[in-house]
Amino acid sequence: MNIDHLKLFVRLANTHNISSAGKELGLSPAVASSYLNKLELELGTRLLNRTTRKVSLTEQGQAFLPHALDVLDQVEAARASVGVGKKTPQGTLRIAAPASFGRMHIQPALKAFLEKFPDLTLDLRLSDTMVNLVEGGFDIAIRNAALHDSTLIARKLAPDTRILVASPDYLKNHGEPESPEDLTDHWCVNLIGLENWVFSDNGKSYSVRPTARLRVDDGQAMRDACIDGLGISVCSTWIAYQALENGELVQVLKDYQLTSDTDIWAVYPSARLLAPKVRAFIDFFAERFGEKPYWDKI
């Protein structure tokens, strides 16, 4: 099976456009189309649905995609193991990351990462949509959530510590709650999907569902609304640490711990072999964040 044909097929699964996929690999549209035809002939099945504007995978193509990814991972790992070609990670690394976390903690480190691994290029998608790594053709994803997909391999990069925060002006005008029950008398800002705030105290766990004066779907928007005095909110320390350091936000209900099953994870789809470029990314950011990340050192 021709490796170049597999590389093109994997890129096509992400771009859904033969010309774009071929261009990334230095192929003309005609050559790219012939590669795909040869792959389908070799396999004896149709992998693609072709229209004038878009290409999508057939059911057989979707079933074949994870195997194609595994073959490419094995080839890359095999070459690296015997020192064939360049010894440093190379190629294009396709990354998906949550929008706020990606902008604040992944993107600022990319210059140092690319300087360390000059033979790599990056495709970075910042979105709060939970992408399918295999169908999207991604090598790795960063997630700050509980993990439910047992087909993915995960490595914890950092804790996702969550606290209650408010602006000093809000607390001056509305007072500070002394217990979670007091939150029902306060303005609150909620992240959509995080309407129940679960606390633990002396081994007991209980839930509060505060009335939200504002609901948003973006963590930075929620933090900024708190800074503007619109209420109390649950914030991850990774998104609030700068505002806490400069006094724009303060922590409230410090004696009550929020219960959360989320952490910052790096996830990837292949269980058998870890491509050198993926390992390089994971190791770099695991070292950068450390056991106690810089955003938790306030």
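When reading the values below, keep in mind they use all heavy atoms of this one structure, side chains included, and skip hydrogens, waters and symmetry mates.
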Any side-chain heavy atom of F281 within less than 4.5 Å of one from I142? yes

Residues H186, L171; criterion side chain to side chain contact (heavy atoms under 4.5 Å, CB included); working and verdict: CA-CA 10 Å; H186 281 267; L171 296 177; 5.5 Å; no

Got more than 12 heavy atoms from elsewhere within 6.0 Å of CD, Q257? no

Grouping I, L, V, M, F, W and Y whenever their side-chain heavy atoms are under 4.5 Å apart, do V252 and I227 come out in a common cluster? no

Please check: side-chain N/O of S20 versus main-chain N/O of N17, any donor-acceptor pairing under 3.5 Å? no

Closest approach of P89 and D119, non-hydrogen atoms and distance? O-CB, 3.6 Å

Does R94 offer a backbone N or O that forms a donor-acceptor pair with the side chain of D139 under 3.5 Å? yes

Which value, rounded to the nearest 0.5 Å, describes the distance between D255 atom CG and E178 atom CD? 11.0 Å

By salt bridge (charged side-chain N to carboxylate O under 4.0 Å, His left out) - contacts of D160 (at least two apart): R162

Nearest-0.5 Å distance, CD1 of residue I153 to CD1 of residue I140: 12.0 Å

If every non-hydrogen atom of F289 is compared with every non-hydrogen atom of A158, which pair is closest and at what distance? CB-CB, 4.2 Å

Is L47 linked to L72 within one hydrophobic cluster, defined over Ile, Leu, Val, Met, Phe, Trp and Tyr using a side-chain heavy-atom separation of less than 4.5 Å? yes

For the hydrophobic clusters of this structure (ILVMFWY residues joined by side-chain heavy atoms under 4.5 Å, transitively), does one cluster hold both M1 and L48? yes

With a 4.5 Å cut-off on side-chain heavy atoms, are N196 and V208 touching? no

With a 3.5 Å cut-off and no angle check, do the side chains of T237 and D296 form a donor-acceptor pair? yes

Could you please spell out the steps behind the salt bridge (Lys or Arg N to Asp or Glu O under 4.0 Å) verdict for K38 and E42? CA-CA 6 Å; K38 291 176 181 177; E42 183 177 3; over 6 Å; no

S28 backbone acceptor or donor facing K23 side chain under 3.5 Å: no

Can you check side chain to side chain contact (heavy atoms under 4.5 Å, CB included) on F285 and I264, steps first, answer last? CA-CA 11 Å; F285 281 96; I264 308 298; over 6 Å; no

Under a single-linkage definition using a 4.5 Å side-chain heavy-atom cutoff for Ile, Leu, Val, Met, Phe, Trp and Tyr, are L194 and L164 assigned to the same hydrophobic cluster? yes

Please check: side-chain N/O of T58 versus main-chain N/O of G61, any donor-acceptor pairing under 3.5 Å? yes

Mind checking whether L57 and N49 have side chains closer than 4.5 Å, heavy atoms only? no

Sequence neighbours excluded, every pair satisfying salt bridge (Lys or Arg N to Asp or Glu O under 4.0 Å) that has a member inside residues 206-235: R103-D218, E195-R215

Side chains of L8 and L36 in contact at under 4.5 Å (non-hydrogen atoms): yes

Taking the side chain as every heavy atom from C-beta outward, state whether V165 and V250 have any pair of such atoms under 4.5 Å apart. no

Ring-ring centroid check F64 F9, cutoff 6.0 Å: yes

Value for CG (L114) from OG1 (T121), rounded to nearest 0.5 Å, stands at 8.5 Å

Taking the side chain from H16 and the backbone from V55, do they hold a donor-acceptor pair closer than 3.5 Å? yes

Neighbour count >12 (heavy atoms, 6.0 Å) for atom CD, Q251: yes

State, yes or no, whether a side-chain contact exists between I163 and V234 at a heavy-atom distance under 4.5 Å. no

Within-4.5 Å side-chain heavy-atom neighbours: L126 and Q107: yes

To the nearest 0.5 Å, what is the distance between CG (L27) and OG (S19)? 11.0 Å

Which pairs count as salt bridge (Lys or Arg N to Asp or Glu O under 4.0 Å) when at least one residue sits in residues 6-21, sequence neighbours excluded? R11-E24, R11-D123

How are the rings of Y206 and Y256 set relative to one another: parallel (under 30°), tilted (30 to 60°) or perpendicular (over 60°)? perpendicular

Where do A99 and D128 come nearest, in terms of heavy atoms and distance? N-OD1, 3.1 Å

Distance check, rounded to the nearest 0.5 Å: I106 atom CD1 versus F113 atom CZ? 10.0 Å

More than 12 heavy atoms of other residues, nucleotides or ligands under 6.0 Å from CD of E176: is that the case? yes

Heavy-atom nearest pair, L183 first then C188, reads O-SG, 4.1 Å

Nearest atoms (heavy-atom pairs only) where W238 meets H105: O-NE2, 2.8 Å

Would the distance check show the side chain of N2 and the main-chain N or O of D4 forming a donor-acceptor pair, the cut-off being under 3.5 Å? yes

Can you tell me how far CG of D263 sits from CG of N144, rounded to the nearest 0.5 angstrom? 9.5 Å

Looking at C235, is its backbone amide N or carbonyl O close enough to the side chain of S233 to form a donor-acceptor pair, meaning the two atoms are under 3.5 Å apart? no

Apply the test side chain to side chain contact (heavy atoms under 4.5 Å, CB included) to residues L124 and L110: give CA-CA distance (whole Å), side-chain angles for both, the deciding distance (0.1 Å), then the verdict. CA-CA 10 Å; L124 176 62; L110 293 184; 3.8 Å; yes

Which heavy atom in V189 sits nearest to a heavy atom in W197, and how many Å separate them? O-CZ2, 4.0 Å

4.5 Å side-chain heavy-atom contact, I239 and M104: yes

Under the 3.5 angstrom rule, does the side chain of D182 hit a backbone N or O of S179 as a donor-acceptor pair? yes

Between F101 and I192, is there a shared hydrophobic cluster once you connect ILVMFWY residues whose side-chain heavy atoms come closer than 4.5 Å? no

Check ion pair E40-R50 (N to O, under 4.0 angstrom): yes

Checking the side chain of Y170 only, and the main-chain atoms of W187 only, is there a donor and an acceptor separated by less than 3.5 Å? yes

